[in-house]
Amino acid sequence: MNDPLIERLADAVRDTGHPVTDTDRAELAAFLPLTREYAGTSGIVFDDTRALALAVHALAFVRRVRTAEHLDALDDQLAAETAPGRMDAVRTLIDTYCAPHGFHAHRTEVLLLALHFETAAQIAQQSTPQA
Amino acid sequence: MTVKIVIGHRLGKGQAVADGVRAAGGEPVLIPGPGADMKVGDVMAAEGAVLGISFCGSGGAGAVTAKAKYGHDIEFGMRSAQAGVTAVEQGRTVLGFGFLDSEELGFKVTEALLKKLAKEAS
């Protein structure tokens with residue numbers, strides 16, 4: 001069965017120079033469930049906008065894993081903006097995906113994905129009525 | 001004619017790009033604060049801007065969001081000023097880059113846009 005989020009992503013980037021391929025679909029189908037599992041256990045809800053942003057990030061990530069590409073390092077102080085334990089949990093998530101590919105993701109990948117979760121968590125918190 | 005170009009950077013940067021836009025004759029609208037890349041489409045609509053440039057780790061979130069919300073013609077995942085120039089020449093209205101806060105990028109993209117607009121007007 002097709003993943004509706006992958007289909008939304010494919011539709012959004014169809015007319016670009018980097019449309020979603022069958023290989024992308026297969027890899028996203030392996031990676032996105034890991035992100036959903038973590039979001040579920042952490043109580044993080046992605047709205048439609050944040051889900052699409054996560055999906056396009058995931059697309060770029062699985063492509064980088066495929067080509068063994070590493071991003072430049074980011075200011076590590078950004079990690080301090082994530083919830084306690086988030087970086088470790090996202091490291092586990094990323095390693096789970098990368099291990100069968102024989103790829104070790106640098107800390108930048110962990111930080112960027114952790115920031116997606118952090119933003120979604122903060123938006124959800126802001127939109128929740130306070131008691 | 002004022003040509004507004006909206007710039008949004010995930011980490012709240014983008015000043016160098018804005019300087020490049022201004023140097024080339026455009027009017028930069030730099031969205032302040034972290035997460036600004038996700039607001040590019042909204043600010044373009046509010047400002048009547050002709051082009052948006054978003055920056056994030058993978059170079060896609062802001063552009064794809066602008067496409068989903070406003071139907072912009074986008075390119076994403078770019079890593080060089082030249083890729084941005086090509087995208088402008090192809091008629092893209094929102095450009096998604098990885099982290100690349102350089103004056104050269106702002107200048108070259110604006111130069112290409114002004115050239116394209118002048119050609120269309122003649």
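Residue contact with chain B, scored on non-hydrogen atoms closer than 4.5 Å, involves the side chain of A/Leu59 exclusively. Proximity to chain B (any heavy atom under 4.5 Å) is restricted, for A/Arg64, to the side chain, taken from C-beta onward. Of the atoms belonging to A/Asp11, it is backbone heavy atoms, and not side-chain ones, that fall under 4.5 Å from chain B. Looking at A/Glu69, the atoms closer than 4.5 Å to chain B (heavy atoms on both sides) all sit in the side chain, from C-beta outward. When heavy atoms are compared at a cutoff of 4.5 Å, A/Thr49 approaches chain B by way of both its backbone and its side chain. In this structure, no portion of B/Met78 lies under 4.5 Å from any heavy atom of chain A.
Two different hydrophobic clusters hold B/Phe107 and B/Phe55 under the rule that ILVMFWY side chains link at heavy-atom gaps under 4.5 Å. In this structure, A/Leu112 is not a member of the same hydrophobic cluster as B/Met38, with clusters built from ILVMFWY side-chain heavy atoms closer than 4.5 Å. Cluster annotation: B/Val17 is not connected to B/Val85 through the hydrophobic network of ILVMFWY side chains, with a link wherever side-chain heavy atoms come within less than 4.5 Å. Taking hydrophobic clusters as Ile, Leu, Val, Met, Phe, Trp and Tyr residues chained together by side-chain heavy-atom distances below 4.5 Å, B/Val64 does not share a cluster with B/Tyr70. A/Phe61 and A/Leu34 fall within the same hydrophobic cluster, defined by Ile, Leu, Val, Met, Phe, Trp and Tyr side-chain heavy atoms under 4.5 Å apart, directly or through other members.
Shown here is A/Asp72, whose CG atom has no more than 12 heavy atoms of other residues, nucleotides or ligands within 6.0 Å. Surrounding CD of B/Glu120 are more than 12 heavy atoms belonging to other residues, nucleotides or ligands, all under 6.0 Å away.
Separation of atoms CD (A/Glu81) and CG (B/Leu11) is listed at 8.5 Å; rounding is to 0.5 Å. With rounding to the nearest 0.5 Å, the separation of CZ in B/Arg10 from NE2 in A/His116 is 4.5 Å.
Closest approach of B/Glu75 to A/Thr16, counting heavy atoms only: OE2-CB, 3.4 Å.
When the options A/Val56, A/Leu52, A/Asp15 are evaluated for a side chain to side chain contact (heavy atoms under 4.5 Å, CB included) with B/Lys67, the one that passes is A/Asp15.
Between A/Leu74 and B/Phe99, the closest side-chain pair of non-hydrogen atoms falls below 4.5 Å.
Using modelled atom types, one finds no donor on one side chain facing an acceptor on the other under 3.5 Å when comparing A/Arg63 with B/Ser58.
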